[in-house]
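A quick write-up on the structure given underneath.
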Amino acid sequence: MNEASLDALAAAMAAASTVTVLTGAGVSADSGVPTFRDAGEGLWARFRPEELASPEAFDHDPDTVWQWYRWRQQCVQAVEPNAGHRALARLEADLPDLRLITQNVDGLHARAGHRNVIEFHGNLQVNVCHAEGRRVTVDDEADSPPACPRCGALVRPGVVWFGEAIPPAALEQAVAAAEACDVLLAAGTSAQVYPAAGLIDLARRHGATTAAINPDASALDPALDIRIAMGAAEALPALRDRVAAITGGS
Ligand code: OAD
């Protein structure tokens with residue numbers, strides 16, 4: 001079943017002018033980064049989002065929010081990209097136009113050698129001024145958020161919080177990628193958080209073949225053309241090998 005689905009997806013990708021991949025926390029799960037919603041282990045099963053991942057939370061208790069993100073930053077620095085991240089980087093090099101949109105803030109796609117990554121929800125390793133949104137370089141080892149060197153406001157992690165807008169450049173590029181693609185592959189996402197999840201439907205309405213890699217069922221399933229019920233670190237290398245076999249890549 002998965003073998004036939006992998007073959008079908010590889011054939012569609014090899015024939016496509018543009019392939020767009022939307023990744024979520026499941027792609028980093030095999031590197032040891034916790035997902036958000038998996039039962040028992042997901043981050044939101046252990047922490048309440050509104051207490052940690054919102055501008056209101058930061059205004060109310062900046063030290064706790066800052067320390068939580070420092071902890072997540074340290075978790076991510078201690079892990080390595082996995083075979084799924086590496087396979088996507090190789091597909092980017094092999095295919096004429098592969099566009100990667102990630103909801104992940106862990107930077108693992110770039111560390112795996114992926115060159116162009118649309119970071120839809122920002123990046124944990126970046127800090128920005130909470131007042132002006134401008135990127136700043138600060139000593140982020142402290143237990144409290146440092147002051148912005150320009151305006152003195154608090155510095156915060158450069159990630160998108162609940163209730164905040166997607167960075168305009170990332171939104172624009174992601175919408176263009178969804179509208180332009182012949183194949184949209186969603187890998188390791190529960191597709192519950194908008195507007196990211198809406199990109200899949202947008203691609204479908206523009207005529208794309210839609211596919212997902214996820215070991216578990218998700219809300220996406222009924223509308224998908226191709227579903228691969230496997231972990232991303234196993235499925236993506238298998239997919240890459242099949243695409244290379246069709247296109248003559250190494
Ligand atoms: P979720 O935690 O909601 O979903 C992770 C998905 O990955 C689930 O559907 C799992 O079944 C699947 N999964 C688990 N292990 C996997 C594996 N080895 N291979 C492939 N899939 C696997 O994470 P996201 O969909 O990424 O936003 O969550 C979206 C957003 O919600 C995040 O970017 C974050 C969060 O709130 C912000 O922080 C703004």
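First listed ligand is number 1; within each ligand, the first listed atom is number 1. The figures that follow rest on heavy atoms only: side chains count, while hydrogens, waters and symmetry mates do not.
At under 3.5 Å, a nitrogen or oxygen of Ala232, whether backbone or side chain, sits near a nitrogen or oxygen of ligand 1. Polar contact with ligand 1: present for Ala25 (N/O pair, distance under 3.5 Å).
In this structure the side chain of Glu56 never reaches within 4.5 angstrom of the side chain of Trp161, judged on heavy atoms. Inter-residue side-chain proximity for Gln77 and Gln125 is flagged as met; some heavy-atom pair is nearer than 4.5 Å. Two residues are said to be in side-chain contact when any heavy atoms from C-beta on lie closer than 4.5 Å; Leu185 and Leu9 meet this criterion.
By heavy-atom distance, the residue among Asp216, Thr35, Val160, Asn214 lying nearest atom 8 (C) of ligand 1 is Asn214. For atom 4 (O) of ligand 1, the nearest non-hydrogen atom from the set Ser190, Gly163, Gly26 comes from Ser190.
Under 4.0 Å from ligand 1, the heavy atoms of Phe162 that appear belong solely to its side chain. The proximity of Val193 to ligand 1, defined as any non-hydrogen pair under 4.0 Å, is limited to the side chain. Contacts with ligand 1 closer than 4.0 Å are made by heavy atoms of both the backbone and the side chain of Gln103.
Closest protein heavy atom to atom 28 (O) of ligand 1: Arg37 NH1, 3.2 Å. Ranking protein heavy atoms by distance to atom 32 (C) of ligand 1, first place goes to Phe36 CE1, 3.5 Å. Regarding atom 36 (O) of ligand 1, its nearest protein heavy-atom neighbour is Trp44 NE1, 3.1 Å. Nearest non-hydrogen protein atom to atom 5 (C) of ligand 1 is Gly188 O, 3.6 Å. In terms of protein heavy-atom proximity, atom 25 (O) of ligand 1 is nearest to Thr189 OG1, 2.7 Å. Looking only at heavy atoms of the protein, atom 27 (O) of ligand 1 is closest to His121 ND1, 3.4 Å. Nearest to atom 15 (N) of ligand 1 among the protein's heavy atoms is Ala29 CB, 3.9 Å. Remark: minimum distance from atom 18 (N) of ligand 1 to any protein heavy atom is reached at Asp30 OD2, 3.2 Å.
Heavy atoms of Ser218 stay at 4.0 angstrom or farther from ligand 1.
Counting atoms of ligand 1 from 1 in the listed order, those under 4.0 Å from a heavy atom of Gly231 are 17 (C), 18 (N), 19 (N).
Between His85 and His109, the ring planes are perpendicular. Angles over 60° get that label, and only those under 30° would be called parallel.
Under 4.0 Å is where a charged nitrogen must lie from a carboxylate oxygen, and between Arg86 and Glu80 no such pair does. A salt bridge does not link Arg72 with Asp106: none of the charged nitrogens is closer than 4.0 Å to a carboxylate oxygen. Under the 4.0 Å criterion applied to side-chain N and carboxylate O atoms, Arg204 and Asp225 are not assigned as salt-bridge partners.
Atom CD of Glu234 sits in a sparse spot, with 12 or fewer heavy atoms from other residues, nucleotides or ligands closer than 6.0 Å. Within 6.0 Å of atom CD in Glu172, 12 or fewer heavy atoms from other residues, nucleotides or ligands are found, so the atom counts as exposed in its surroundings.
With no hydrogens or angles considered, a side-chain donor-acceptor pair links Thr102 and Thr23 at under 3.5 Å.
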Could you go through the salt bridge (charged side-chain N to carboxylate O under 4.0 Å, His left out) check for Arg90 and Asp94 one step at a time? CA-CA 6 Å; Arg90 294 189 71 182; Asp94 293 348; 5.5 Å; no
